[in-house]
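Below is one structure, written out as structure tokens; comments come after it.
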Amino acid sequence: MRHPEDYVEAVLSLVEQVPPGRVTTYGAIAAALGRYGPRRVGAVMAEHGAAVPWWRVVRADGTVPPGLAARAREHHLAEGTPYRSSGAVDLRIARWPDLDPAPRGQ
DNA sequence: GGTGTGACGCAGG
DNA sequence: CCCTGCGCCACAC
């Protein structure tokens with residue numbers, strides 16, 4: 001293991017708790033765990049992500065890295081995840097948990 | 001021990 | 001919308 005076992009388990013556990021049609025972000029997971037940073041979460045996902053609904057973890061702007069975007073989009077379409085016209089997931093609606101109290105401009 | 005890199009994030013130009 | 005720099009942390013060379 002390149003990462004602490006308990007940390008890996010914690011990350012995967014959180015990802016599995018994200019319901020269909022909703023998503024969370026690398027930064028949110030990192031903040032929730034209060035340990036390491038977004039990049040560590042990404043590293044864990046790159047290595048163990050296949051075991052969980054990895055497509056429910058997106059970047060802070062709602063986009064998914066090239067190469068994963070195509071497959072992620074299929075899952076999102078099947079789950080009804082809200083997308084923005086830009087092609088990124090609409091975090092204002094899909095973010096989970098619902099910690100998005102300030103709908104700013106809208 | 002310096003340097004580059006990555007399934008990241010944010011501020012600036 | 002584009003690109004740049006910096007912070008972040010672990011790893012490979």
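This structure is a prediction, so every number in the text was calculated from the model and none was measured.
- Taking every side-chain heavy atom of A:Tyr36 into account, C:dC9 is the closest of B:dG9, B:dA7, C:dC9.
- In this structure, A:Ile29 atom CD1 and B:dG9 atom P are separated by 10 Å, rounded to whole Å.
- For the pair A:Arg39 CZ and C:dC9 P, the computed distance is 12 Å after rounding to whole Å.
- The C1' atoms of B:dA7 and C:dC2 are separated by 22 Å, rounded to the nearest whole Å.
- A donor N or O paired with an acceptor N or O is found under 3.5 Å between the base of C:dC9 and the side-chain atoms of A:Arg40.
- The CD atom of A:Glu47 sits 11 Å away from the C1' atom of C:dC11 (whole-angstrom rounding).
- Distance A:Asp61 CG to B:dA7 P: 15 Å, rounded to the nearest Å.
- In terms of heavy-atom proximity, A:Trp55 sits nearest to A:Glu79 at NE1-OE2, 2.9 Å.
- Counting non-hydrogen atoms under 4.0 angstrom, A:Ala43 reaches nothing in the nucleic acid.
- Among the atoms of the strands shown, base atoms are found under 4.0 Å from some heavy atom of A:Tyr26.
- Closest heavy-atom contact between A:Pro20 and A:Arg56: CG-NH2, 3.5 Å.
- One interatomic measurement links the two molecules: CE of A:Met45 to P of B:dC8, which rounds to 11 Å at whole-angstrom precision.
- With contacts defined as side-chain heavy-atom distances shorter than 4.5 Å, the pair A:Leu14/A:Leu33 qualifies.
- In this entry the distance linking CG of A:Leu33 with P of C:dC8 reads 18 Å, nearest Å.
- In this structure the side chain of A:Met45 reaches within 4.5 angstrom of the side chain of A:Val52, judged on heavy atoms.
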